[in-house]
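Report on the following structure.
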Protein chains: 2
Amino acid sequence: MYRIGELAKACKINNDTLRFYEKNGLLSPSNRSDSGYRLYSEKDKEILQFILRAKGVGFSLAEIRELLSIEVDKANNACADVKELVDAKLLDVEQKLAELTRFQTSLKRLSDACCGGEKSAEHCTILEALESDTSQIRHEHHHYKAH
Amino acid sequence: MYRIGELAKACKINNDTLRFYEKNGLLSPSNRSDSGYRLYSEKDKEILQFILRAKGVGFSLAEIRELLSIEVDKANNACADVKELVDAKLLDVEQKLAELTRFQTSLKRLSDACCGGEKSAEHCTILEALESDTSQIRHEHHHYKAH
DNA sequence: ATAAACCTTTGAGTTAAGTCACAGGTCAAG
DNA sequence: CTTGACCTGTGACTTAACTCAAAGGTTTAT
């Protein structure tokens, strides 16, 4: 069991952020001490790490909350609804993966091209690297969500 | 050449966002009409799409600005500096890729497990799906940047 | 027994990334 | 020749995601 300060420190975030996540339904400590101290379990820590990772790859807290809430109502077995959500997120993730893979290819190309040769300077922009990406992924109806 | 409204519409963003990006050094139209209208080229559009994609995978505008500024000073051939930056970003991207791949695996597992069988309900949480991920990627010194 | 860590509530402040609204003026298309 | 799209500048507003502060009180560690 971690106390708030311990967990925060371990995950390099602010105590207030944990309280904030709690207030916003992302993560509640699974226990409280007799004196009312928040007590986070190992599992809570994993949830937190999940949240932080998800944030890192561009999910908003709202989306993360949604992901975390994916839990079949075991009584009702409302699986179909869940599957829909999951599949939507899966698409999202796959799109992000595709984008990132392009980035990776381009950056690699840049890195290789850069200091390797002498004539390198000609092709030292991500954009140029991206442009020369012949295996370009094009999404016909790619949409960006509004901020 | 696109006028501001045309480009904005094409990329489903606000005119003001384009002006905002310009003011913040992310994208300036490569031309102006005699009357002062912003005129965006095809290349400008590509830059914009790059920006939007990069945002989508969790890069901040500051990071994107940095990525866009990766351009060897062709006179000075300051390649070494560039390579350093590129390699740092590459690490970043690879970390994100690893995270996303985990997400993907988990979500797939969820999707498959969900409506497939009757005993499915037992394993219907991303966290459970993540936990059962035996090929887990663990980063010893994984750090998250402060917001 | 005292300092550091925690609690609650309330509320204000911050940063990033926009978005909206004037005001006053120019430009372009039907 | 008027309407809609654009220009500049200024500044206020918004949302997300924190972050800090203050006030008053309890708990834990040394």
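Owing to the predicted nature of the structure, the values given are computational and were not obtained by experimental measurement. Chain naming here is simple, since letters A, B, ... match the order of the sequence lines and numbering starts at 1 in each.
Heavy-atom minimum distance, B:K45 versus B:A10: CE-CB, 4.4 Å.
Criterion: ILVMFWY side-chain heavy atoms under 4.5 Å apart, direct or through other members. Under it, B:L68 and B:V93 are part of a common hydrophobic cluster. By the rule that hydrophobic residues join a cluster once side-chain heavy atoms approach within less than 4.5 Å of another member, A:M1 and A:Y40 end up as members of separate clusters.
Between B:S33 and A:I4, the residue anchored nearer the 5' end of DNA chain C, judged by the nucleotide with its closest heavy atom, is A:I4.
Rounded to an integer number of Å, the gap from CD of B:E22 to C1' of D:dC6 is 13 Å. Taking atom OH on A:Y2 and atom P on D:dT28, their separation rounds to 20 Å, with Å as the unit. A:I13 places its CD1 atom 12 Å from the C1' atom of D:dT19, with the value rounded to the nearest Å. Across the protein-nucleic acid pair, A:F20 atom CZ and C:dG11 atom P stand 17 Å apart, rounded to whole Å. Counting to the nearest Å, the P atom of D:dC7 and the CG atom of B:D34 are 14 Å from each other. Taking atom CG of residue A:D16 and atom C1' of nucleotide C:dT9, one finds them 13 Å apart after rounding to whole Å. As a whole-Å value, the separation of A:K23 NZ from D:dC18 P is 12 Å. Rounded to an integer number of Å, the gap from A:K9 NZ to C:dA5 C1' is 12 Å.
For A:N14, counting side-chain heavy atoms from C-beta on, the closest listed nucleotide (D:dC7, D:dT19, C:dT19) is D:dT19. The B:R32 side chain lies nearest to D:dC7 when the options are D:dT19, C:dA17, D:dC7. Out of D:dA17, D:dT8, C:dG18, the shortest distance to the side chain of B:R19 is found at D:dT8. Minimum atom distance to the side chain of A:Y37 is reached by C:dA5, of the listed C:dA17, C:dA5, D:dT8. Residue A:S35 places its side chain closer to D:dT27 than to any other of D:dC7, D:dT27, D:dC18. Listed nucleotides: C:dC6, D:dC7, C:dA17. Nearest to the side chain of B:L61: C:dA17.
Looking at B:E63, its side chain does come within 3.5 Å of a backbone N or O of B:S60 through a donor-acceptor pair.
The side chain of A:N15 contributes no N or O atom lying less than 4.0 Å from OP1 or OP2 of C:dA5. Regarding contacts with the backbone of C:dT19, a side-chain N or O of B:T17 is found under 4.0 angstrom from either OP1 or OP2. OP1 and OP2 of D:dC6 both lie 4.0 Å or more from every side-chain N or O belonging to B:R38.
Under the 3.5 Å distance criterion, with hydrogens and angles disregarded, a donor-acceptor pair is assigned to the side chains of A:Y2 and A:E42.
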